[in-house]
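Only one structure is covered here, and it is reproduced in the block below.
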Amino acid sequence: MFELSDEKQKVLDTTGNLLVMGGPGSGKTTIALLKAKQIIESGALQQEQHVLFLSFARSTISRVEQHANIVLSKSISNNLEINTYHSFTWTILKSHGYLLCSKQLRLLPPHEASARLAEYDKAVDKEREINRLFEEEGLVHFDLFASMCAKLLSKSNSLSTIISETYPTIILDEFQDTNADEWAFITQLGKKSNLIVLADAEQRIYDFRGADPARIGQFIDTFHPTIFDFGNENNRSNGTDIVQFGNDLLTGKNKHQKYKNVQCVYYPIRKGIAQFILLKIAVIKACERLKCENKQGWSIAILLPSNSLMLAVSDCLERTQKLKNGTILPRIHHEVAIETAGPSIAAVLIARLIEHGSTKQCNLNQLLIDLCEHIRGRRGDKPPSKNDLALSASLVEYAISGKIRGQKRQAIIDECNEIVNRCNNLEFTGDVASDWINVRELLSDASSDCIKQVKLDATYLRLLHKGSILNSSLGEIWRRYDNYIGAAEAVKNALTQEHFATSTKTWTGVNVMTIHKAKGKEFDEVIIYEGSFPGQRFVYDEGKIDQARLNLRVAVTRAKSNTIIFTPQVNSCSLL
Ligand SMILES: Nc1ncnc2c1ncn2[C@@H]1O[C@H](COP(=O)(O)OP(=O)(O)OP(=O)(O)O)[C@@H](O)[C@H]1O
C-alpha cells in the first residue's frame, strides 16, 4: 500500500537504535508504524510484549491510532501500545511511586495545580513548591512525572527490567520537543530497550517548556543510533508547494513568491465579529470544495496564535450572519480544542454549589475559596495577573477576618452572598442538566468580572464535551442519595480521568485550535488566521522571530491539499 524509498526500506532492514529525521509529512510516523508491524510480524515478541509508541499529546495519539488502523491489521495492533508520556509515566508512578515517597501518592490535577502554584512566578520557586507538595503531601504534579520515573528506573533495576521486557522497542514521536526531564526518563528507558526516535529539528515549537536544540545531538552521542534522513520527501501534500513554502518561511525566501495551493489573504480590520467575515467565507468555500470532492471524513483546521482569538472565531462560526448584500452566512458546526483549566475549575465551583445547595448548606466562605481557585488557576500554565493575585488574597483575607477594602471587592462579597442565599432556596429535582443550568444561571446577574468569568468558562464546558460525563457522575449520586453530596469531588475525578483517557477523537469536519495544538496532526485544508491585537500576532516579539517562523511552518504544513493564511492589511505579518 505504501511505496517505500530506498532510505525507508533501509529503516526496515536496520536493527538497534534508530534516529529517523525528515521534514513535515515526509513519512516518519508511517515508517515507524511499519517498523512496529515488521517487529510484531517477525514473531520476535512474546504474548505480553509490546512495541511502545510514546507521544506528547492525547490529540496526537488519536491521529497516530487512526493512522495505525490503516497501516496495521487488528491482530498486530494488539501488540502495539500507543500512549502519552503522561499516561505511561503516571501508570508507573501509581504502582511504584511508594519507592520514592512514604506518603500515599495522589495526583495534583492540572486545574488544581494552576491555582495552588499561582503565586510563584519564578520557575525555581514554583519547582521548589512542586517538590514540597510531593515530599510533604504526596501530591504529584504533572511536571514531576518524567523526572520521578527517571529516578525510579535508575534506582530499581528490577523495575527497569520489567519495563524493558514488556517494551523491548520504544518509538519516540516528536523527539525535538523533548524537555530535560523527559530526556532523563528516555535515557533510562534506552539502557535496556531499543529506541526509535522520530524528529524534525525545525518542527521544534515547545522551547518554552524546555525543548532544546541540542537534544537530537544528545541522543546521537548517548545512543549512537543509525541515522536516516527523509529530507524534504513529501507524502502529505504531494503536488503542492505547501512544504516548499514552509521551508522557505525559515529563510524568508517566501516573500513576494507564488506557491501552488498556498494563499495569503490581507484582510481589512473591522470591529468585533465583522473582522472574521472573510475567514468565515473561506471556511464555507473550503467545506464546499471538500464536499464536492466527495471526500470521506474530510477535515479543515482553523489555526490561531492565541486562545482568546480561538474563542472569538468559534463564536463567529457559531452564529448566523446576514451581510449587507443580503447573503446569509450560516452557522458552521465545528469543534474547538479549548484549554481546560478555566472551564474545569468553573465546573467544580458549580458542582460545589449544587452539592451544598441540595442540602441547603451553601456557605459564603466555600464559594469565596472556589472563586479564588478560579481567579488564580483559570489561565492554566500561565500565571495569573498581579491584580488577580491581589484580588484573590483579599477574598481569602475576608474569609478569615470578615474585612475587605474597596467598593468593587465589597460588591463581589455581596454578590457571592446573594448567590449563596438563592442557591439554598433552589428546588433541586435530580434532573442533572436542569439543576446544573439553574445553578449556573445564579451567576448571571452578577456584575463583578470574576464571577462573570466563571459563568463564561462554565459555558465553555460545552466545547469540552464534558456534558455526558458530568451528567452520569452527578446523576448516579442523586439516584443513590437523593441529594448531590460528593458532587464536587465526583466532578474533579471525572475531569481528571478524562485527562488520561486515550482519546479516540477523529479530526473530521471543521476544527478550531491554537497552532501549538495542531502539532503532529494533518488536515485536508488549513486556514491560519492572525488577529490585529498584540497577543494575537504570529510575531509577537521581534526577539522571538525564529520561533515564530518554526510555529508558522508547523501550522502551514499540517495541510494535505490547501493552506490559506490571513493577516491584517495594515501592519501585516513580517514573515509573509
Ligand atoms: N510511503 C508513503 N506512501 C504514501 N503515503 C505516505 C507514505 N508515507 C507517508 N504517507 C502519508 O503521508 C502523510 C504524512 O505521513 P506521516 O504522518 O508519516 O509524516 P510525518 O513525517 O510523521 O509528518 P509530521 O512530522 O509532519 O507529523 C500521511 O497521510 C501518510 O499516510
Side-chain angles (χ1 to χ4, degrees), residues 1-13 18-38 53-72 80 82 171-178 196-206 211 216 227-240 242-247 249-250 261 290 295-301 303 506-508 513 515-526 528 550-563:
M1 179 172 159
F2 292 100
E3 263 188 46
L4 298 184
S5 60
D6 289 350
E7 187 78 346
K8 284 185 176 160
Q9 188 54 51
K10 275 191 216 150
V11 174
L12 297 184
D13 296 340
L18 310 181
L19 169 60
V20 179
M21 297 199 287
S26 59
K28 301 180 293 295
T29 311
T30 307
I31 201 67
L33 291 173
L34 289 172
K35 184 81 189 167
K37 177 177 186 232
Q38 183 201 43
F53 189 111
L54 273 185
S55 193
F56 291 103
R58 271 189 306 145
S59 53
T60 315
I61 295 286
S62 55
R63 181 177 96 76
V64 177
E65 271 180 342
Q66 249 174 297
H67 204 42
N69 289 337
I70 299 168
V71 176
L72 314 177
L80 174 67
I82 304 174
I171 301 167
L172 304 166
D173 193 22
E174 315 272 3
F175 181 78
Q176 70 280 353
D177 277 319
T178 309
I196 301 178
V197 157
L198 315 181
D200 174 7
E202 280 151 356
Q203 285 191 60
R204 204 189 68 247
I205 59 170
Y206 278 96
I216 296 175
I227 301 174
F228 299 90
D229 193 348
F230 302 161
N232 287 330
E233 193 179 321
N234 178 8
N235 296 294
R236 176 170 298 138
S237 51
N238 235 333
T240 76
I242 294 172
V243 168
Q244 188 59 49
F245 176 81
N247 291 339
L249 266 175
L250 298 178
N261 300 91
L290 292 165
K295 260 202 165 161
Q296 280 281 318
W298 57 265
S299 58
I300 295 172
L303 306 182
T506 52
W507 298 96
T508 53
M513 65 185 75
I515 290 176
H516 279 85
K517 280 255 166 76
K519 190 180 151 220
K521 304 191 180 75
E522 68 180 17
F523 306 89
D524 290 305
E525 298 215 16
V526 166
I528 308 164
L550 297 180
N551 293 351
L552 196 52
R553 177 176 179 265
V554 165
V556 165
T557 56
R558 298 306 94 205
K560 292 200 231 176
S561 61
N562 204 42
T563 295

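Here the structure is a predicted model, which is why all the values come from computation and not from measurement. Note that ligands are numbered from 1 as they come in the structure, with each ligand's atoms numbered from 1 the same way.
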| said: Rounded to the nearest 0.5 Å, what separates atom CD1 in I31 from atom CD in E7? | reply: 10.0 Å
| Taking side chain as C-beta onward, heavy atoms only, is V20 less than 4.5 Å from D229? | no
| query | Is there a heavy atom in G25 that sits closer than 4.0 Å to ligand 1? | reply | yes
| query | How about D173 and S55: does a side-chain donor come under 3.5 Å of a side-chain acceptor? | reply | yes
| field | Atoms in ligand 1 flagged as close to P24, the criterion being non-hydrogen separation under 4.0 Å | value | 26 (O)
| field | Min heavy-atom dist R558 to ligand 1 below 4.0 Å | value | yes
| said: Quick check on G23 - does any of its heavy atoms sit under 4.0 Å from an atom of ligand 1? | reply: yes
| Atom pair CG/CG of L33 and L198 - distance to nearest 0.5 Å | 8.5 Å
| task | Please indicate whether any nitrogen or oxygen in E174 is less than 3.5 Å from any nitrogen or oxygen in ligand 1. | result | no
| Between the candidates L34, N235, T30, which shows the shortest non-hydrogen contact distance to atom 12 (O) of ligand 1? | N235
| query | Less than 4.5 Å apart, any side-chain heavy atom of H516 and any of Y206? | reply | yes
| request: Enumerate the atoms of ligand 1 whose separation from the nearest heavy atom of Q203 is less than 4.0 angstrom. | output: 24 (P), 25 (O), 26 (O)
| Polar-atom distance check: L4 versus ligand 1, any N or O pair below 3.5 Å? | no
| When only distance counts, is G27 in polar contact with ligand 1, meaning an N/O pair under 3.5 Å? | yes
| field | F523: ring pair (Phe, Tyr, Trp, His ring centres under 6.0 Å) partners, not counting sequence neighbours | value | none
| Residues in ring pair (Phe, Tyr, Trp, His ring centres under 6.0 Å) contact with F56, at least two apart in sequence or another chain | Y85
| query | Nearest to atom 24 (P) of ligand 1 by heavy atom, K560, E522, R236: which? | reply | R236
